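Both ligands and their constituent atoms are indexed starting at 1 by order of listing. As the structure is a prediction and not an experimental result, all values here were calculated from the model.
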Amino acid sequence: MRKPLVAGNWKLNGSTEMVSALLSGISQRLSTSRNAEVAVCPPFIYLEQARQQLEGGEIALGAQDCSDQQAGAYTGEVSAEMIREFGCRYIIVGHSERRHIYMESDAMVATKFDRVRESRMMPILCVGETLEEREEGRTQAVISRQLDAVLDRSGTAGFRDAVIAYEPVWAIGTGKTATPDQAQQVHAFIRGKLAGLDEEIAARIRILYGGSVKPENARSLLQENDIDGGLIGGAALKAEDFAAIVAAGG
Ligand code: 13P
């Protein structure tokens, strides 16, 4: 049985005061009988503050990105190895905002995925199509291409300790959510593709859905067979909403 994961991607939001209030708000509201694992991914600069505040608790910490480089003259970059020092369990790679705003290629995302694994953390690999790609009937082709880049570099075994997040670009921050059925179809496609390579890995891997998940729609999404949790943007910035989404995970 796959343990659901609900992870908050805080994106470019936060201040020392906000991090402190949001983390204590979430901690207070989480039910002890919850089924889902919970993680938060604040901006890099707040990882140490979050690590201290979450120490000894049950909320895992993640980062939103890492460098494709390990060390050297790469101004402004932060390596996976550095992130590991701050107690992170997860690093998001290939978020659509990185792919589209910062022009990260499939190959760069695949290198980052590998860096996270080399540093013994779990990548949360984001994949997803744009509205145009969906309307042209290319959803599966796009997701296959994004997965193949990682498979080419890390092999199927690379997915042994990894998480995938399906985030249709048209549903991110738009208030438009994929219907549970639309999401389930893509999740089943992803799991099926991996099952063709390794059934055990495919059965074990958690595939999260992301894109305008809110307390109102979380339950119907999370009850689908192949949806193993959520990657939450806007609603992760409100303790009450985030805790309600975690509760919807069972
Ligand atoms: P929203 O939940 O704000 O649509 O963002 C989703 C997302 O991009 C999570 O990584």
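- For residues 166-186, the pairs satisfying ring pair (Phe, Tyr, Trp, His ring centres under 6.0 Å) are Y166-H187, with sequence neighbours left out.
- Looking at R51 and E85, no side-chain N of the basic residue comes within less than 4.0 Å of a carboxylate O on the acidic one, giving no salt bridge.
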Check: every ligand 1 N/O to protein N/O pair under 3.5 Å:
| from | atom 1 | to | atom 2 | distance (Å) |
| --- | --- | --- | --- | --- |
| ligand 1 | 2 (O) | S212 | N | 3.4 |
| ligand 1 | 2 (O) | G233 | N | 3.0 |
| ligand 1 | 3 (O) | G234 | N | 2.8 |
| ligand 1 | 4 (O) | G173 | N | 2.7 |
| ligand 1 | 4 (O) | S212 | N | 2.7 |
| ligand 1 | 5 (O) | K11 | NZ | 3.3 |
| ligand 1 | 8 (O) | K11 | NZ | 2.8 |
| ligand 1 | 8 (O) | H95 | NE2 | 2.7 |
| ligand 1 | 8 (O) | E167 | OE1 | 3.4 |
| ligand 1 | 10 (O) | N9 | ND2 | 3.0 |
| ligand 1 | 10 (O) | H95 | NE2 | 2.9 |
| ligand 1 | 10 (O) | E167 | OE1 | 3.2 |
| ligand 1 | 10 (O) | E167 | OE2 | 2.9 |

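- Not counting sequence neighbours, the partners of S31 by the side-chain hydrogen bond (donor to acceptor under 3.5 Å, both in side chains) test are S33.
- A salt bridge links R89 and E37; the closest N-O separation between the charged side-chain nitrogens and carboxylate oxygens is under 4.0 Å.
- Electrostatic pairing of D228 and K3 does not count as a salt bridge here, judged by no charged N lying under 4.0 Å from a carboxylate O.
- Remark: F113 pairs with F159 by the ring pair (Phe, Tyr, Trp, His ring centres under 6.0 Å) rule, at least two apart or across chains.
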